[in-house]
Amino acid sequence: MAKLAHLTERQAVSLMIDGLLNKLDDSKNKQQTFEHILDLTQHFIGNEENKESFDKVREILKDPNNRWMKMINNILENTDKNVAKMTLLNLGYESFLCGTKTIRENRKKYHCNIPWLILFDPTQACNMHCVGCWSGTYGHKSFLTFEEMDKIVTQGKELGVHLYMLTGGEPMVKKNDVLKLMAKHQDCQFAAYSNSTLIDQDLCDKIKKLGNLIFMLSIEGSPDTNDSRRGDGHYEAVMKAMDLLKKNGILFGTSICYTSNNVEAVTSDSFLRMLADKGAHFGFYFHYMPVGKNAVYDLVPSIDQRTQIIKDLRRIRSDESDIEFFPMDFQNDGESVGGCIAGGRNYFHINANGDAEPCVFIHYSDRNIRDNSILEMLKSPLFMAYHNGQPFNENHLRPCPMLENPEILRKMVKETGAHQTNAEAPEEVDELCDKNLEYSKVWGERADEIWKNSPHKKLSYLNYRDDKSEEKSHHFFSNLKKKLHAYNH
């Protein structure tokens with residue numbers, strides 16, 4: 001009965017979205033329609049704690065010259081109607097509204113982390129060989145079958161997860177299975193991190209028809225800074241893919257790995273204006289992580305460079321900038337999400353061998369999708385260590401248990417018996433953590449200084465474990481953190 005009721009409600013929401021999108025074609029009704037969407041959203045998730053945020057959005061809606069309104073209008077004007085509808089229906093209704101409620105209920109029911117999204121690798125195969133990328137050492141033989149990917153999504157939906165990100169390798173190497181998965185799970189939103197080179201008109205036609213996939217395109221600044229790491233001709237391939245996606249009305253953003261060689265290029269105003277003009281109005285920034293045997297530690301941004309990128313990205317999001325691009329920093333925006341989001345707290349990763357890894361950058365596992373359910377993975381010793389230990393640092397500019405708190409990762413892996421998952425070039429946890437000790441110490445000093453002198457806002461909801469009911473399991477982490485605090489100071 002519950003499933004039937006949900007299906008009926010989804011159909012009603014679908015019709016409502018059709019009506020709203022049709023009204024957006026009329027410029028006179030556009031602002032009123034936006035306000036109606038905001039009213040509906042506030043009705044579902046509004047409370048006294050987030051009232052101020054909704055009020056700020058209402059002020060933005062009143063100003064047609066506000067850059068965020070311009071950005072939203074640009075996105076809507078350039079997005080295929082079916083793509084826009086499916087994104088609103090799956091990312092908005094299924095994932096954000098319905099899914100969030102189910103996920104929170106299941107966190108209490110199962111006493112473990114339940115993620116908001118799941119990353120998985122359809123394949124480890126890639127048609128590129130980027131400098132310092134661990135995929136190059138994983139080999140090209142590993143992949144998930146369609147049945148295994150279907151198992152991930154089917155079981156994830158039962159827990160409330162309706163957002164799935166595809167990584168790799170290059171996920172479009174297995175585009176036929178991906179399209180089949182999208183067709184079977186039309187109530188889910190998919191996002192593919194792609195190098196752009198396999199995007200063509202035929203693929204665009206199929207995605208428009210299905211509607212439930214967006215792209216995150218890898219790009220790293222200027223033609224020189226991009227191609228020096230990703231290979232000659234890659235920058236040109238990304239430009240062509242962006243033009244093709246914009247022409248077809250398919251939503252896309254960017255995936256930007258910032259390194260010691262490109263950090264200035266990927267934060268320049270000219271670069272971001274170019275992305276916005278191409279149709280990419282949002283994107284993730286990722287700190288280069290020295291993971292794997294072929295990691296190039298010289299690519300790790302310096303302490304000064306990391307400090308500067310924090311300032312640059314916050315300036316770009318502030319009223320000081322007029323660029324219609326919204327950057328999100330996976331490493332430095334920890335305060336917005338309460339620290340480390342891995343281990344299933346907000347997401348986790350399943351690699352092409354089926355191993356459940358707490359994070360796309362943490363290549364250790366103690367469960368596999370071929371032998372376990374999604375819930376069994378989330379309740380495994382390694383994932384429960386994450387659940388019981390988060391946040392790993394009260395300073396959310398130091399969220400990661402590998403890069404900024406390596407002794408915590410070392411302890412979790414050893415105490416849970418997790419094994420390393422890089423079959424081509426094994427990297428044991430001592431080797432990984434040892435090489436990050438100096439960085440964690442030096443960045444810790446700088447991060448503590450920035451944190452101390454910055455204003456902070458308490459989040460209304462933090463999906464940590466219940467301290468009262470799980471105090472014992474958290475005890476060894478509190479002792480460890482005291483030792484780390486003494487070490488870092």
Side-chain angles (χ1 to χ4, degrees), residues 67 71 128-135 165 167 191-197 214-243 245-246 252-291 295-318 320-334 336 360-361 397 400 403 439 443 446 450:
R67 70 157 163 156
M71 187 182 85
M128 294 179 62
H129 302 279
C130 303
V131 176
C133 176
W134 65 77
S135 288
M165 291 187 172
T167 53
Y193 286 86
S194 175
N195 63 32
S196 301
T197 60
I214 64 174
F215 281 101
M216 304 300 292
L217 304 182
S218 297
I219 185 170
E220 296 184 13
S222 67
D224 288 341
T225 59
N226 184 86
D227 288 4
S228 64
R229 192 165 102 86
R230 295 190 168 271
D232 292 341
H234 178 254
Y235 185 89
E236 183 181 355
V238 181
M239 295 300 103
K240 288 181 179 178
M242 287 183 175
D243 291 341
L245 293 172
K246 183 176 180 179
F252 68 96
T254 57
S255 172
I256 299 171
C257 176
Y258 57 94
T259 73
S260 58
N261 291 340
N262 72 8
V263 66
E264 290 82 12
V266 298
T267 54
S268 70
D269 282 7
S270 59
F271 172 67
L272 294 170
R273 288 187 195 282
M274 179 275 293
L275 293 180
D277 289 342
K278 285 285 186 180
H281 294 283
F282 57 93
F284 287 103
Y285 279 76
F286 298 90
H287 185 294
Y288 177 79
M289 294 291 204
V291 176
V296 181
Y297 213 93
D298 287 346
L299 289 176
V300 175
S302 71
I303 301 305
D304 287 341
Q305 286 177 320
R306 182 166 174 184
T307 302
Q308 187 59 43
I309 201 168
I310 292 173
K311 295 177 182 177
D312 288 340
L313 295 187
R314 291 180 180 180
R315 176 187 62 81
I316 292 161
R317 292 193 299 238
S318 76
E320 292 180 37
S321 174
D322 65 347
I323 302 172
E324 295 172 24
F325 184 87
F326 191 86
M328 295 162 279
D329 190 335
F330 189 77
Q331 200 67 17
N332 298 316
D333 282 339
S336 299
V360 70
F361 301 118
L397 289 172
C400 179
L403 188 66
Y439 179 94
W443 172 247
R446 179 69 62 84
I450 298 171

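S318 meets the side-chain hydrogen bond (donor to acceptor under 3.5 Å, both in side chains) test with no other residue; sequence neighbours excluded. Residues that satisfy the side-chain contact (heavy atoms from CB on, under 4.5 Å) test with S255, not counting sequence neighbours, are Y193, M216, S218, F286. R446 is linked by a side-chain contact (heavy atoms from CB on, under 4.5 Å) to I303, D304, T307, W443, E449, I450, counting only residues two or more places apart in sequence or in another chain. Every residue was checked against the salt bridge (charged side-chain N to carboxylate O under 4.0 Å, His left out) condition with D298, not counting sequence neighbours, and none meets it. In this structure, D224 has no salt bridge (charged side-chain N to carboxylate O under 4.0 Å, His left out) partners at least two apart in sequence or on a different chain. Evaluation of the salt bridge (charged side-chain N to carboxylate O under 4.0 Å, His left out) rule for R67 yields no partner, not counting sequence neighbours.
The two residues Q331 and L403 come nearest to each other via the heavy atoms NE2-CD2, 4.1 Å. Looking at every heavy atom in both residues, A295 comes nearest to P290 through CB-C, 3.5 Å. Taking each heavy atom of S222 and A265 in turn, the nearest pair found is N-CB, 4.2 Å. Across all their heavy atoms, N332 and L397 have their closest contact at O-CD2, 3.6 Å.
In this structure a side-chain-to-backbone donor-acceptor pair under 3.5 Å is present from N262 to C257. Although no hydrogens or angles enter the test, the distance criterion places a donor-acceptor pair under 3.5 Å between the side chain of Q305 and the main chain of S260. Under the 3.5 Å distance criterion, the side-chain polar atoms of R317 are matched with a main-chain donor or acceptor of P327. A distance-only check finds a donor-acceptor pair linking the side chain of Y288 to the backbone of V296 [under 3.5 Å]. With hydrogens and angles ignored, the 3.5 Å screen pairs a side-chain donor or acceptor of Y285 with a backbone N or O of V266. Between the side chain of T259 and the main chain of V300, no donor-acceptor pair closer than 3.5 Å is present. With hydrogens and angles disregarded, no donor-acceptor distance shorter than 3.5 Å links the side chain of K246 to the backbone of F252.
F325 CZ to H281 NE2: the interatomic distance, rounded to the nearest 0.5 Å, is 9.5 Å. Between the CE atom of M242 and the CG atom of L275 there is a distance of 5.0 Å, given to the nearest 0.5 Å. Atom OG1 in T267 sits 7.5 Å away from atom CG in L272 (nearest 0.5 Å). Rounded to the nearest 0.5 angstrom, M71 CE and I323 CD1 are separated by 12.5 Å. Note: I256 CD1 to F271 CZ = 4.0 Å, rounded to the nearest 0.5 Å. Note that the CE atom of M289 and the SG atom of C400 stand 4.5 Å from one another [nearest 0.5 Å].
Residues D329 and Y258 have side chains in contact (heavy-atom distance under 4.5 Å, counting atoms from C-beta outward). By the 4.5 Å heavy-atom criterion applied to side chains, M239 and M274 are counted as neighbours.
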- Message: Q308 vs V263, test: side chain to side chain contact (heavy atoms under 4.5 Å, CB included). Steps then yes/no.
- Response: CA-CA 9 Å; Q308 187 59 43; V263 66; over 6 Å; no
- Item | Chi angles and distances behind the side chain to side chain contact (heavy atoms under 4.5 Å, CB included) call for N261, L299 | CA-CA 7 Å; N261 291 340; L299 289 176; 3.4 Å; yes
- Query: Checking side chain to side chain contact (heavy atoms under 4.5 Å, CB included) for the pair D312/E264: CA distance, chi angles, key distance, verdict?
  - Reply: CA-CA 9 Å; D312 288 340; E264 290 82 12; over 6 Å; no
- Could you please spell out the steps behind the side chain to side chain contact (heavy atoms under 4.5 Å, CB included) verdict for F284 and T254? CA-CA 6 Å; F284 287 103; T254 57; over 6 Å; no
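With respect to the salt-bridge test (charged N to carboxylate O, under 4.0 angstrom), the residues D322 and R273 qualify. The existence of a salt bridge linking R315 and D269 is confirmed by a sub-4.0 Å separation between a basic side-chain nitrogen and an acidic carboxylate oxygen.
Between the side chains of S196 and S194, no donor N or O sits under 3.5 Å from an acceptor N or O.
If you look at H287 and F330, their ring centroids are not closer than 6.0 Å.
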